[in-house]
Amino acid sequence: MKNEIKRILLDAVRKAFEKGMLPSDKMPEIEIEEPRHLSQGDYATNVAMVSAAVQKMPPRKIAEILVAFIETERLIETVEIAGPGFINFFLSNDVWYPVVDRILEQDKQYGASDIGQNAKVQVEFVSANPTGPLHVGHGRGAAVGDSVGNILSFAGFDVQKEYYINDSGRQIRTLGTSVWLRVLQQTGQDIAFPDTCYQGAYINDLAAQILEQEGYSFVQADEAAAIDRCAMFAAKKILDGIKEDLSSFGVTFDQWFSEQSLYDSGRVQKAIDAFTARDLIYEHEGALWFRTQDYGDEKNRVVVRNNGLTTYFASDIAYHMEKYERGFDRVIDVWGADHHGYIKRMEASVVASGRTRDQFEVILVQLVNLLRGGKPFQMSTRAGEFVTLKDIVDEVGKDAARFMFLSRSYDSGLDFDLELAKQKNADNPVYYVQYVHARITGILLKAKQETLLRDIDFSRGEHLELLTAAEEINLLKLLAAFKETVEKSATTLHPHVIFTYLMSLASAFHGYYNKHKVITEEKDLTRARLSLVLGVKKVIRNGLMLLGVSAPERM
RNA sequence: GCGCCUGUAGCUCAGCUGGAUAGAGCAACGGACUUCUAAUCCGUAGGUCGCAGGUUCGAAUCCUGCCAGGCGUACCA
């Protein structure tokens, strides 16, 4: 429609020039936008204002001339000049009716877009160390990553969701030691448990489990091997738990990628060697350094410490090289905001390995500020005091938790009040949107019971021209805007755009519902309205699906 | 000190690829259920868009400088 208006305007400029009404036939880059207020039409353009310089005339004068040459076609009801020189277009209702047909026809695909051009994109998120259960903070990253993946996929990208498992290095050894010491304690040995070990009660559970499995002889085994065994055992158990928690949070991954596998296949060493050969890595004071400074980082970074152990950065370099080798055009990492200092060096390694800067993007999710009854509630993984994602899902449900995490831009910190979240009351916006879906289902059920309206599974809209109420036209316009909302969300990588859209659609529907009856005495009007609400129902469902929230038939 | 994010109604936040009277939810106040689910709706009230400059016909939106808050600034992960 916007292109249509642009064409009409170009036409008007040309005709006005030919008739000698305008000194130039040039038209600068113009905007066609949807005004905030209904009184300003369906579309407005600033063509007169931006042409003032070229035409050497006041904007309003230009607007008057153009309007005289605009051919009001069937789709345009009226054209007005307003304010400093805006030209406002009021469209006829006919423009909006076909959207219902499109929704009913495309169903679950309505709103899908092809802007992604099938480009291969990888979204990596959560990637929490398997040293303890996921906590609330991970939940936000999980919700964001999963939804961004869904939205990109819906927008025509070829998306793969991946979880990177840090199953190598010091924290895993610490995990093994922690479990081992608990094992010894459980067999009656009086051993101190150091602060540097993981304190959570789950460590005790794991110790009991491995003791049960291995038997008492386990404690007499070689200690180094036993600690190793504990580490493997615990990491596997914890990872299983993480998978389970994510699954009940509605989050699934296409691939779980092991850090250890990068060492086993020699990829880490290969990456170091390759960069060393290009003098991107050099030795200094017994350690190996990457020249990230050459790529805009504030200082160079260590990849191999002087004790011979590699840093996280080393395997991350190899990991990201591997991602592109798998054929991804874009790689998106979802990180907690406390890792933002890591972006520069990661970018450096990506660019150094021959990729362009825009092939690597980091979604920085600001931290979740945990509150309890309005008061700050400090969590500490080390001390074993934290609220797990599982706790939250068990208490408030997957839908409410996900909706809350996605309600705001991840650029802002999120206050998560445990007391508030655990209340299953009407304050929670998820019910506001889900209620629309349930309400419409109720209407359709009722319509089905009416003998005259047995067949309500319309494959296209019926008698749509009878939809003339302001609320109905408004709903149609919102439904038509869903696709561009998806595209905006995909382009900006911001899922909350979908949230905001769903809230406006829900609000428009509730208002309509309270003012008009869908099922009336007039059969044709009823069928028209049923078509409309069926469309609303499908769009609500599609939007919720992108956020990973269910659309209940009943509430 | 430097870097990233944020600063909009009493509270929590949308709006930020510049547009015409800055929006929503909660909280406050007043209304609407013999009706397709009141987990809803309608109305009232509430704002120097952190501050100061700049660019522009036009700035919450872009630029600069301040101020405030969060996070980060390891041969930790």
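A, B, ... follow the sequence lines: proteins, then strands. Residue 1 opens every chain. The structure displayed is predicted, hence computed values, not measured ones.
If you measure from atom CE of A/M404 to atom P of B/rG25, you get 16 Å, rounded to the nearest angstrom. Remark: P of B/rC36 and CZ of A/R529 are 16 Å apart, rounded to the nearest angstrom. The CD1-C1' distance, from A/I81 to B/rA20, rounds to 14 Å in whole Å. Whole-Å rounding puts the A/E347 CD to B/rG3 P distance at 16 Å. Taking atom CD of A/Q434 as the reference point, atom P of B/rU37 lies 17 Å away to the nearest angstrom. In this structure, the CD1 atom of A/I30 is 19 Å from the P atom of B/rC57, given to the nearest Å.
Consecutive pairing runs in RNA chain B reach the stem threshold at B:1-7 with B:67-73, B:10-13 with B:23-26, B:28-32 with B:40-44, B:50-54 with B:62-66, where a stem means at least three Watson-Crick or G-U wobble pairs with distances under 3.5 Å.
Atom name C1', nucleotides B/rA9 and B/rC71: the rounded distance is 28 Å, in whole Å. Remark: the separation of the C1' atoms in B/rA20 and B/rC57 is 13 Å, to the nearest Å. Only the C1' atoms considered, B/rA22 is 11 Å distant from B/rA14, to the nearest whole Å. Separating the P atom of B/rU48 from that of B/rG10 is a span of 8 Å, rounded to the nearest Å. Rounded to a whole angstrom, the distance from the P atom of B/rC26 to that of B/rC62 is 30 Å. Nucleotides B/rU61 and B/rG50, compared at atom C1', are 15 Å apart to the nearest Å. Between B/rG53 and B/rA59, the distance separating the two P atoms is 14 Å to the nearest Å. Rounded to whole Å, the P atom of B/rG65 lies 15 Å from the corresponding atom of B/rC5.
Within the nucleic acid shown, A/S39 comes within 4.0 Å of at least one base atom, counting heavy atoms only.
Shown here are the salt bridge (Lys or Arg N to Asp or Glu O under 4.0 Å) partners of A/D333, two or more places apart in sequence or in another chain: A/K323. By the salt bridge (Lys or Arg N to Asp or Glu O under 4.0 Å) test, A/R357 is found to be paired with A/E347, residues two or more places apart in sequence or in another chain being considered. Every residue two or more places apart in sequence or in another chain that forms a ring-ring contact (aromatic ring centres under 6.0 Å, His included) with A/H510 is listed here: A/Y432, A/Y435.
Classified by its glycosidic torsion, B/rC13 falls in the anti category, the angle being over 90° from 0.
Checked by atom type and distance alone, the side chain of A/Y202 pairs as donor or acceptor with a backbone atom of A/T131 at under 3.5 Å.
Relative to the six-membered ring of A/F509, A/R439 misses at least one condition, a distance below 6.0 Å or an angle of at most 45° to the axis.
Toward the 5' end of RNA chain B, the nearer of the two residues A/H516 and A/Q40, judged by each one's closest nucleotide, is A/Q40.
A/F290 and A/F313 have tilted rings, their planes meeting at an angle from 30° to 60° on a 0 to 90° scale.
Remark: A/M232 CE is loosely packed, at most 12 non-hydrogen atoms of other residues, nucleotides or ligands lying under 6.0 Å away.
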For every nucleotide of nucleotides 8-19 of chain B, 5' to 3': is a protein heavy atom under 4.0 Å from its base (B), only from its sugar-phosphate (S), or from neither (-)? ----SSSSS--B
Let me have a per-nucleotide readout for nucleotides 68-77 of chain B, 5' to 3', with B, S or -, counting only protein heavy atoms under 4.0 Å. ---BSS-BSB
Evaluation steps, side chain to side chain donor-acceptor pair (under 3.5 Å), between A/Y512 and A/N474: CA-CA 10 Å; A/Y512 174 60; A/N474 184 37; over 6 Å; no
